[in-house]
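Have a look at the structure below before the remarks.
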Amino acid sequence: MNRASSRSKMNLITVFIFTIIGIGLLIGGIWLAAIGGSIYYIIAAVLMLLTAFLLYKGRISALLVYAALVLGTVIWAIWEVGTDFWALAPRLDILGLLGLWLLIPAVTYNFINRKPAIMALGAVLALTILVMIYSIFNDPQEIHGELKAQQPAQGQALPGIPPEDWPAYGRTQSGLRYSPLAQINADNVKDLKVAWTYRTRDFKTDKDSGETTNQVTPIKVGNNMYICTTHQFLVALDPATGKEKWRFDPKLKTDPSFQHLTCRGVSYYDQNNTAEFATSLQGRTSTSAICPRKVILPVNDGRLVAINADNGQRCTDFGENGEVNLQLYMPNAYPGGYNPTSPPIVTGSTIIIAGSVTDNLSIKEPSGVIRGYDVNTGKLLWVFDTGAADPNAMPTTGGTYVHNSPNAWAPLAYDSQLDIVYIPTGVSTPDIWGGHRTPQMERYANAVVALNASTGKLVWSFQTTHHDLWDMDVPSQPTLVDVKAKNGQIVPAIYAPTKTGHIFVLDRRTGQPVVPVHEEPVPQGAAKGDWVSKTQPISEFTFRPKNHLTDKDMWGATMFDQLMCRVMFHSLDYKGPYTPPSENGTIVFPGNLGMFEWGGISVNPDRQVAVMNPMALPFVSKLIPRGPGNPIWPEGGVKGTGTESGIQPQYGVPYGVEINAFLSPLGLPCKQPAWGYIAGVDLDNHQIAWKKRVGTIRDSLPGIPLPPFKLGVPMLGGPISTAGNVMFLAGTQDNYIRAFNVSNGDELWKARLPAGGQATPMTYSINGKQYVVIMAGGHGSFGTKMGDYLIAYALPD
């Protein structure tokens, strides 16, 4: 009697669970269908409720109805997303678990003729499991191919720097991020071990912003390695041991309102070793007896400091006591408003520096002017103010640069043979509303701007986004490499990755496309007072998804939050890429984070192949009209928010804006994974040879021990590659550095990091031994663990 009663309670519990789920699905399904979404959830709800009713009545046909629901869902899921495991999972996980629950004997113990129904449901569940197993090994998002093998050099000379060194941010100022070292190769990289660890002792404080990060890529010259830390301490290390030689403190004045607190790297100059700087030597008018070798350090409060590379002392003949005030002649100057975060370009005569300005704060921001300073004296040689009628007009006493000029926050690139510096620019802030912008303000926005490095004169400019309303900066250091054009001729090219997912390949002498670019019509309907460009430039070399997002692409951990993501998708404005921002809220995809970020790409110029790490994470931009609590200009002045996400004020224009990733109620991305990839491209035809998901959610929810499933996650930081056929990458949201086979993208090695690795690695050799180094310091707004670890890996002796 007691046993039967217990089984009866199990049946009633099951009925209750199925009823609650059915009612929830019915309500959500009707809501979704009413706004144009799938009717699947209504059908599923009806079958779920019917199952509950039949269970309550004690009829074994409940299992057959449920089997029909599961089988129908499997067919529907494959029709929607194919054999994509992570896309199938939320469609089938809850249903599968409930099916297994129904097979518990206690649920249907007293039912008549149970066996055929149990066998039918068991068969459907077995089929579901087989489909999921098959999908693990047949991922439709991945491309499995092979890049061409290493070829003899094709006559393209690499910059004349020692192969064992990494003397610039991208190893070369042409941004190749490629090393000719091959001691560590695809066969032995699995044996890498920690060789040394250096602790910077520089941590985030309560006076720092939410965007506090550690993004440095070290440089290595001879017997010295140089890094900058979060608060811009400049440190010289022994590259063989990681021991500190000296440390310089620039006395950074920081504040929580800073939108960025970071240092991606420093630059090096040796007036007696001019291999990287040869072309502009004829323009050099000064030398330095105090600092013939110097490290150039950008400081976030708006300074440029020159330090003796041998002893860490200020170069007192540079500027005023070793530093240049970048706030001089700057309009609307305030601490953190103009913020140099990337290392400058250094030629034989000139330091070329750009910087970020505070995005989406106001119409009264500093200028994004690009400037050239004498490499030894710090004297201002030229300016290129992107918002000025005459960009080269030098500032005068009492005058200023043009406020809110488009800025260049990412690293620049330099061609020493042509003496041209290539500037990747952003938009005139505020970013997400542009009704006040003039053609002059947008002339050099979202562009690659080529300047003569010795004079600052314009050579050419190519715009990658017209009238940007989505924060689609050119975010990466361009990469310079000679490629074979369709007519068979060798063309000196520049590769410019963009947030839109397009990589623009241009002749770096003229700015003319090497890979075709065409103008494509885009959605219209800007907010009141603004306008949208009728077309946007589209490169034929692109990682932008071929199809627009649909509700089929919506995701979640379960069918319930996936349903809510579908409802949210249909409730927001979205007509494809470049859908203009709205008061209702607009899905921005590719999102504000971009398909490419500041990490750039890595190119082997002899092999004519490239590796890269694109992303795919939608955002939502929602315009907030002025009104109570949202004044067009606040009393008491303007101050930065210390972040790039959430509510951004955009003072001085008719709207503020709220910017966030497009997330489910559980905080997971609403777009199905992958959100991050690695890829290999053949530069002979610009075809993607292979593409793989990269990264897991292991560290996405601190304190919860999640399995290291490979979903493909967002990342900040770029790849490098070597002649050993190895690609190294760290920037994923899980705390790992990984090595991959350049030829096919197979993972060869990974090592657990003690903090987030949101930086680009580098490699070098000393005393005949090759090392790979990564900064594991974390990223505040990216949500990874903060730390202060610089870690070097090498093969065992």
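Residue numbers count from 1 along this sequence. Here the structure is a predicted model, which is why all the values come from computation and not from measurement.
K499 forms no cation-pi arrangement with W470, by the criterion of a distance under 6.0 Å to the ring centre and an angle within 45° of the ring axis. Remark: R247 is not positioned above the aromatic ring of Y226, lacking an NZ or CZ atom under 6.0 angstrom from the ring centre and at most 45 degrees off the axis. Seen from the ring of Y169, R264 does not count as a face-on cation partner, given the 6.0 Å and 45° thresholds.
Ion pair K251/D301 not flagged as a salt bridge, since none of the NZ, NE, NH1 or NH2 atoms sits closer than 4.0 Å to an Asp/Glu carboxylate oxygen. Salt-bridge formation is detected for the pair R201/E244: a Lys NZ or Arg NE/NH1/NH2 atom is positioned less than 4.0 Å from an Asp or Glu carboxylate oxygen.
Atom NZ of K622 has 12 or fewer heavy atoms from other residues, nucleotides or ligands within 6.0 Å.
Screening T425, T464, D468 for a side-chain hydrogen bond (donor to acceptor under 3.5 Å, both in side chains) with N446, the sole residue that qualifies is D468.
R443 and Q463 are not linked by any side-chain donor-acceptor pair at a separation below 3.5 angstrom, with hydrogens and angles left out of the test.
Under the 3.5 Å distance criterion, the side-chain polar atoms of D734 are left unmatched by any main-chain donor or acceptor of Y736.
Aromatic ring centres of F462 and F504: separated by under 6.0 Å. Taking the six-membered ring where the residue is Trp, the centroids of F596 and F543 are separated by under 6.0 Å. Ring centers of F384 and Y444: under 6.0 Å apart, within the cut-off.
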Please lay out, stage by stage, how E597 and M715 fare under the test side-chain contact (heavy atoms from CB on, under 4.5 Å).
CA-CA 9 Å; E597 260 288 345; M715 62 205 101; over 6 Å; no
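Contact check for M330 versus T400: no side-chain heavy atoms found under the 4.5 Å cut-off.
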